[in-house]
Amino acid sequence: MSVRVRFAPSPTGFLHIGGLRSALYNWLFARRHGGVFALRIEDTDRSRFVEGAIENLQRSLEACGLKPDEGPFIQSERREKHLQYAYDLIEKDKAYYCFCTKERLDEVAKQQQALKHPIMYDRHCRNLSKTDAENRAAVGDEHVIRLKVPTEGSIKMRDMIRGDVEIPWAQVDDQVIIKSDGYPTYHLAATCDDHDMAISHVIRGEEWLSSLPKHLFIFESFGWQAPQYAHLPLLLNPDRSKLSKRQGDVAVEDYLAKGYLPEALVNFVALLGWNPTSDREIFTKEELAELFDITKVNKAGAVFNTEKLNWLNAHYLKSLDESVYLLKARELGFLDEDVVRMRAAIIARERITVLSELPALIEEATTVSDYSADMLVWKKSDASTAKTRLKSVRDYIAEKDEDWFGKPLAMEEETRTWIAGQGFSNGDTLWPLRVALSGREKSPSPFELMFVAGKDESLSRIDAALEKMA
RNA sequence: GGCCCCUUCGUCUAUCGGUUAGGACAGCGGCUUUUCAAGCCGUUAAGAGGGGUUCGACUCCCCUAGGGGCUACCA
């Protein structure tokens, strides 16, 4: 059997981090088994449709390297088809018209609540005569179509992650499958589409597990072969509730905009709920695909905690080619074409965890803070040494050409050699130098700072320091 | 409330009856070092509780507790 999976989000605005993981696991599964990964848009609730959401979703998926092989298939475009399926179900006595008003339903629910009974439809219209019901519907009486699920016994289901699950039919509602606006609900649309798209494996969030009986009932009613199901554990907020807005960013695009790299995001999210049973932490999605095993996915939800994501992102940031790194920073608006700021960005790389931290660090590396003369004195040294050392370094670098400042590694090596040759200590030479260049207790190394500032600016900062000490 | 799912360090996880319960992030300590980072090394820290089954349970079963999901004419 050929493997076909789908990612089927509703277009409510953006790709949720949980959605990214669902999409990723589907993608990994498809790649692992040489199958097809399709995108389907579940937009049957037109009141929740957000303009531009589909394009946005696609953009985020593509940014993460999860471009669908097929789709997007737009569910709402298949409305007629879904309606036909619903009528078929009525024909098979697996569904029925319901004319109950919102008011009556509310009333029923209220009574059930008062009696502490499960809140379900009381099946008031379940046994209406079919011809009567059809006539009323034809005349335009407002109605919905409900599933006519069994009332006794239970259904045994198999989940690729959880194994066997059994749910009593008494717990399953006569779910609405066609709304009064003529659009199908998720349950009907998703099952019919999964069948029509020949989906072999449904990999989706755990929140769907309880409605699996309805879906299986539909497959069975049509005599269709149901796909295999895998219900993924949920991603959780730090307080262990279902991951939501409010407790931090959940939109993939927000993470990308902040300067989290797609590779880091994908790597991180993949390991939330599954891991390839090794001590390795860094994987490309292709490497993950080779090892992916859906049956080994965890059952318990995983807290989406960005600490490890930060570490991963810092790691990926460091592994980028310098030109790519600078381009990324520029694309995201954290950097411009200014040469000095670009150099500052280069030296800032090893101290940032996300690109959005860049502007602040660039500011720090390109400016001198106000400082007092005594800050120029290393803790293990004295003022006169600081002064003479600084003067010596000044004279030393003043002889160098501009080019020399462009190579921080060589600059550092040569200078250290020179310091040793002079019989100076690193501390009483480098400390005053660095403070002269930054005006700060804490800063990048003097070599990095000189690299950023260039020859003239470096000398003038040192001169200013010498003047301060005079 | 009902039904379903779940439960190993703070967090993500390994372990598929026999391990000193391993790794990673975070934390802490150290090394390096002109400072801050980075890097390297080390270290603290876990099987929810109670019953079984078994020669032997983190691992299998039951109960309890706790957490989560669902309970819409939303997905």
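Numbers restart at 1 for each chain; the letters A, B, ... are given by sequence-line order, proteins then strands.
- Of the possible polar contacts, one joining the A/Glu448 side chain to the A/Ser445 backbone as a donor-acceptor pair under 3.5 Å is found.
- The nearest whole Å value for the distance from the CE atom in A/Met157 to the P atom in B/rC3 is 15 Å.
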Using a 4.0 Å cut-off on protein heavy atoms (strictly under), produce a 5'-to-3' string for nucleotides 37-50 of chain B with B for base contact, S for backbone-only sugar-phosphate contact, and - for none.
BSS-----------

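- Remark: the backbone N or O of A/Ala383 is not paired with any side-chain donor or acceptor of A/Trp378 at under 3.5 angstrom.
- OP1 and OP2 of B/rA72 both lie 4.0 Å or more from every side-chain N or O belonging to A/Lys179.
- Pairing of B/rU59, defined by two Watson-Crick or G-U wobble distances under 3.5 Å, is not identified with any nucleotide.
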Using distance only, find each side-chain donor-acceptor pair of residues 142-153 of chain A under 3.5 Å and give its atom names and separation, not counting sequence neighbours.
| residue | atom | partner | partner atom | Å |
| --- | --- | --- | --- | --- |
| A/His143 | ND1 | A/Asp141 | O | 2.8 |
| A/Arg146 | NH1 | A/Asp174 | O | 2.8 |
| A/Lys148 | NZ | A/Asp93 | OD1 | 2.8 |

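- Rounded to an integer number of Å, the gap from A/Asp181 CG to B/rA72 P is 18 Å.
- Counting any heavy atom pair closer than 4.0 Å across all strands shown, A/Arg349 reaches no nucleic acid atom.
- Within 4.0 Å of A/Val144, counting heavy atoms only, lies at least one base atom of the nucleic acid.
- The environment of A/Asp382 atom CG is dense: over 12 non-hydrogen atoms of other residues, nucleotides or ligands sit within 6.0 angstrom.
- Residue A/Ser443 is classed as a base contact, given a heavy-atom separation below 4.0 Å to a base.
- For A/Lys242 and B/rC70, the shortest distance from a side-chain N or O to OP1 or OP2 is below 4.0 Å.
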Can you build the contact string for nucleotides 9-15 of chain B? Use B for base contact, S for sugar-phosphate-only contact, and - for no protein heavy atom under 4.0 Å.
-BSBSS-

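- Residues passing the side chain to side chain donor-acceptor pair (under 3.5 Å) test with A/Ser154 are A/Glu166, sequence neighbours excluded.
- Listed by residue number, A/Lys116, A/Pro118, A/Ile119 are the residues of residues 112-122 of chain A with a heavy-atom contact under 4.0 Å to RNA chain B.
- Between A/Arg280 atom CZ and B/rC25 atom P there is a gap of 15 Å when expressed in whole angstrom units.
- Side-chain atoms of A/Arg440 come within 3.5 Å of backbone atoms of A/Glu364 as a donor-acceptor pair (strictly under, hydrogens ignored).
- Residue contacts for A/Pro446: at a heavy-atom cut-off of 4.0 Å it reaches a base atom on one of the strands shown.
- Comparing atom distances between the A/Gln171 side chain and each of B/rC73, B/rU35, B/rC3 picks out B/rC3 as nearest.
- A heavy-atom distance below 4.0 Å to RNA chain B is reached by these residues of residues 39-58 of chain A, ordered by number: A/Glu42, A/Thr44, A/Asp45, A/Arg48.
- A/Ser381 places no side-chain N or O within 3.5 Å of a backbone atom of A/Val377 that could act as its donor or acceptor partner.
- Residues that satisfy the salt bridge (Lys or Arg N to Asp or Glu O under 4.0 Å) test with A/Lys308, not counting sequence neighbours, are A/Glu281.
- Within the 4.0 angstrom heavy-atom criterion, only backbone atoms of the sugar-phosphate kind lie near A/Pro184; the bases stay farther away.
- Using a 4.0 Å cut-off between charged nitrogen and carboxylate oxygen, A/Lys285 and A/Glu263 do not count as a salt-bridge pair.
- Using a 4.0 Å heavy-atom cutoff across all strands shown, A/Ser10 reaches sugar-phosphate atoms only and no base atom.
- The backbone N or O of A/Leu317 lies less than 3.5 Å from a partner atom in the side chain of A/Arg349, making a donor-acceptor pair.
- Across all strands shown, B/rU71 is found opposite B/rG1 as a Watson-Crick or G-U wobble partner, with both distances under 3.5 Å.
- With rounding to whole Å, A/Leu430 atom CG is found 12 Å from B/rU33 atom P.
- Computed from coordinates, the A/His231 NE2 to B/rC5 P distance equals 12 Å when rounded to whole Å.
- To the nearest whole angstrom, the two P atoms, one in B/rG1 and one in B/rG23, are 42 Å apart.
- Checked by atom type and distance alone, the side chain of A/His82 pairs as donor or acceptor with a backbone atom of A/Arg78 at under 3.5 Å.
- In terms of modelled atom types and a separation under 3.5 Å, the side chain of A/Arg461 and the main chain of A/Leu437 share a donor-acceptor contact.
- As rounded to the nearest Å, B/rA46 and B/rU35 have P atoms that lie 36 Å from one another.
- For A/Glu290, there are no side-chain contact (heavy atoms from CB on, under 4.5 Å) partners at least two apart in sequence or on another chain.
- Across the strands present, B/rU32 finds no partner; the criterion is a Watson-Crick or G-U wobble pair with both atom distances under 3.5 angstrom.
- At distances below 3.5 Å, at least one donor-acceptor pair connects side-chain atoms of A/Ser211 with backbone N or O atoms of A/Trp208.
- With sequence neighbours left out, A/Arg204 forms a side chain to side chain donor-acceptor pair (under 3.5 Å) with A/Tyr186, A/His215, A/His231.
- Each of A/Asn310, A/Asp249, A/Asn313 was compared with A/Tyr260 under the side-chain hydrogen bond (donor to acceptor under 3.5 Å, both in side chains) criterion, and only A/Asn310 meets it.
- Residues satisfying the ring pair (Phe, Tyr, Trp, His ring centres under 6.0 Å) criterion with A/Phe292, sequence neighbours excluded, are A/Tyr25, A/Trp274.
- With sequence neighbours excluded, the residues satisfying ring pair (Phe, Tyr, Trp, His ring centres under 6.0 Å) with A/Phe304 are A/Tyr255, A/Phe268.
- Here the P atom of nucleotide B/rU34 and the CG atom of A/Leu433 are 13 Å apart, to the nearest Å.
- The interatomic distance linking A/Arg158 (CZ) with B/rC4 (P) rounds to 18 Å, in whole Å.
- Against RNA chain B, the stretch residues 353-382 of chain A makes heavy-atom approaches under 4.0 Å through A/Trp378.
- Shown here, B/rA38 forms no base pair; nothing in the strands shown gives a Watson-Crick or G-U wobble contact with both key distances under 3.5 Å.
- Taking a pair to require two hydrogen-bonding distances under 3.5 Å in either a Watson-Crick or a G-U wobble arrangement, B/rA46 remains unpaired.
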